[in-house]
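None of these values were measured; they are calculated from a predicted model.
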Amino acid sequence: MATLAASDQTRGRLLLAQLAGPLRRYIATEAGGAGLALGAALVALVWANSPASDAYVSLWDTELALRLGDEELAMTLREWVNDGLMALFFFVVGLEVRRELTMGELRGRERIVVPLAAAAGGMIVPALLYLAIAPADAHHGWGIVIGTDTAFLLGALAIVGPSCPTQLRVFLLSLTVFDDVVAIAIIGVVYTDGLDPVALAVAGACLAGIACIARLGAWRTALYAGLIVALWLATLESGLHATIAGMTAGLLVASRPPGREEVEHASRLFAAFRQSPLPETGRSAARGIQRAVSVNERLQALLHPWASYVIVPLFALANAGVDLRGGLLGEALRSPLTWAIVVGLVAGKLAGIGAGALGSVRLGAGSLPRGVGEGQVLGGAALSGIGFTVSLLIVHLAFDEARRGDEATVGVLLAAPMAALLGWVVFRLAAVLRGERTAGLPRVLDPPVDPARDHVRGPADAPLELVEYADFACPFCARATGVLDDLRRRFGDELRYVFRHLPLADVHPRAEAAAIAAEAAGAQGRFWEMHDLLFARQDELEDADFVAHAAELGLDVERFLADLADERLARRVQEDVESAEASGAHATPTFFVGGLRHLGPWDAETLAAALEASRGRAAATDPVS
């Protein structure tokens, strides 16, 4: 059993390591928070149905007031959770949405179409099913069935999903991004009564202020925090639900990759602190590191654990406690409202998301992520019927009558395990009938290294092999060159290093031109010299700079210029890009050690350990040994 547990832990680490760093941390936190939220919901149910149920009700109805002079802000504890902490939760969601749209899985039209169509179907179909079943006096509760709880979705996927679900996770996370934005918009528009125009104007001014300082590149979080608190207070006063303030503010906080100059500046400040560890140099180093990382990502790193491990469990504890005694459970199970919610979430999400995703693919509007099968999409669609957080929030906004609210809550709580069970069945059928047992990226280098074609440093027959897919405009690839120098010094002629192109044109517009320039130098036998020069001078990647580099290296400039326009060299770069796609490399730098994609950090010590492990693998599979 211990061996099996260790194997499961190792498999979990491998799954998470396949994703980009920020997204990997996001998923790990969400999956962990789902367990706490489930536990809190069970505690709430047991407490609300125990002899101490009166204490549960009185606790969450207790008023907590903040006073400043003659001004007072008074709400019950449940309202502080629903209107206060949940606004912070959706602020974190907004931050994640902005990051994904700017530099993540949702940048570019081709990546948005299928998740957007799936999200639209996953909201429209459940709402229609709800309206068809629910009694007329409960039609205004249709918003309950449109939401998906990301934390529970990812937690359930880890338990009942395919053996390697990383690409499916990315797709479902992209889908819930749109789901959350629309759900919060509906809360703000549909479930809002009278509005205060003055407070709305103040809220609008706060939003404009956040957008302005983000555009100006302000990096101090205190500036954002002050405006966000003012926005929340104004939104509360306006009559809008405060969660819309959180989501909107998060969407306005800009996200960007670390700039090369900022990273280098922070590195110099940190080196100065190492040489002179004084308070002044320490503060300078800390400020330099802060400026290198966008406010969006810093706020996510600070707030995301609180949102997942504290806010969502508290919300579950405050809202899932339904007293089922006195025949309420029987009444709820006979109520059309309860089953309208169950059918809307369980059947509606499966049908709507499935039709939206697969229909858009069949129409040629987009494609599923590499490695994800149609049956797995349907399994993920079934799991999306776990509405929980957003659904319970809308229950409390939609129904003032206690009986209706309790029936709706029972429907949300019943839908969650039913959706999880349905997802398990669909995933099993996809595995048995369609062979869809994994949804991860490939890990094997394809094609293998060919010394006659590839760019190789070191002996062609060296026992250790390190392949890098890199982008000449990527600052992290430039920093990796020092790591590679360290490895070559350490292993000497035992190591062959292979360079393959992966220009990320949507992030670095000059990357593809730089790759062709390196190939043009390679046509004259000077690839590695140009390789080193391009990484050393990443701020000089214009056409005139390439010509200057060629002259500096003593190349035949006329021939170099002719080769820059040679379609064969562009095709050579494209072949590397295609091999990256076939090998599961989609970011730079990506390393392959002994033919297998390296997962995790790529510092010198980690890569050296991976190379030694590849030596052991080779010895174990060598029939002579």
Side-chain angles (χ1 to χ4, degrees), residues 30 33-34 37-38 40-42 44-45 82 86 89-90 93 118-131 133-134 138 140-157 172-173 175-187 190-191 241 243 247 308 311-313 315-316 318-320 322 332 337-354 379-399 404-423:
E30 287 290 343
L38 177 60
L42 293 174
L45 277 172
N82 293 352
M86 287 305 290
F89 171 80
F90 282 106
V93 172
M123 290 181 280
I124 294 171
V125 174
L128 292 176
L129 287 174
Y130 173 91
L131 292 172
I133 299 172
H140 59 289
W142 60 270
I144 296 168
V145 299
I146 66 173
T148 294
D149 190 302
T150 306
F152 276 96
L153 168 65
L154 296 177
L157 181 65
L172 294 175
L173 180 59
L175 184 158
T176 58
V177 160
F178 298 113
D179 190 301
D180 287 337
V181 171
V182 175
I184 293 304
I186 288 172
I187 288 174
V190 177
Y191 299 104
H241 196 273
T243 51
M247 174 69 82
S308 292
I311 294 176
V312 173
F315 175 83
N319 292 278
V322 180
L337 172 59
T338 300
W339 292 106
I341 292 171
V342 171
V343 172
L345 285 171
V346 178
K349 287 288 184 179
L350 172 61
I353 292 175
L383 294 183
S384 298
I386 305 175
F388 202 75
T389 304
V390 177
S391 297
L392 288 178
L393 182 60
I394 296 179
V395 165
H396 286 276
L397 296 173
F399 297 111
R404 286 298 194 202
D406 289 342
E407 290 173 355
T409 300
V410 170
V412 172
L413 296 179
L414 277 176
M418 293 173 69
L421 178 61
L422 179 61

Test item: [X] side-chain N/O and [Y] main-chain N/O as donor-acceptor pair under 3.5 Å:
| X | Y | answer |
| --- | --- | --- |
| Ser391 | Val145 | no |
| Ser384 | Thr148 | no |
| Thr243 | Met86 | no |
| Tyr191 | Gly143 | yes |
| Asn319 | Phe315 | yes |

Heavy-atom closest contact ([X] atom, [Y] atom, distance):
| X | Y | value |
| --- | --- | --- |
| Gly147 | Leu345 | O-CD2, 4.0 Å |
| Ala419 | Ala382 | CB-O, 3.4 Å |
| Ala40 | Pro313 | CB-O, 3.2 Å |
| Val346 | Ala415 | CG2-O, 3.7 Å |
| Ala398 | Gly141 | CB-CA, 4.1 Å |
| Gly411 | Val342 | O-CG2, 3.6 Å |

Inter-residue atom distance [X].[atom1] - [Y].[atom2], 0.5 Å rounding:
| X | Y | atom1 | atom2 | answer |
| --- | --- | --- | --- | --- |
| Lys349 | Ile146 | NZ | CD1 | 7.0 Å |
| Leu350 | Leu383 | CG | CG | 10.0 Å |
| Ile386 | Leu38 | CD1 | CG | 9.5 Å |
| Met123 | Leu128 | CE | CG | 12.5 Å |
| Leu414 | Trp339 | CG | CH2 | 5.5 Å |
| Tyr130 | Leu337 | OH | CG | 4.5 Å |

Legend entry - Residues that Thr389 engages under side chain to side chain donor-acceptor pair (under 3.5 Å), provided they are two or more places apart: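 In terms of side chain to side chain donor-acceptor pair (under 3.5 Å), with neighbours along the sequence ignored, Thr389 is linked to Asp149.
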
Inset, instruction - Starting from the C-alpha separation in whole Å, work towards a yes-or-no answer on side-chain contact (heavy atoms from CB on, under 4.5 Å) for Leu393 and Phe90. - result: CA-CA 12 Å; Leu393 182 60; Phe90 282 106; 4.1 Å; yes

Legend entry - Residues His396 and Asn82: side-chain donor-acceptor under 3.5 angstrom: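 There is no such pair (donor and acceptor under 3.5 Å, judged by atom type) between the side chains of His396 and Asn82.
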
Inset, instruction - List the steps and the verdict of side-chain contact (heavy atoms from CB on, under 4.5 Å) for Thr409 and Phe399. - result: CA-CA 10 Å; Thr409 300; Phe399 297 111; over 6 Å; no

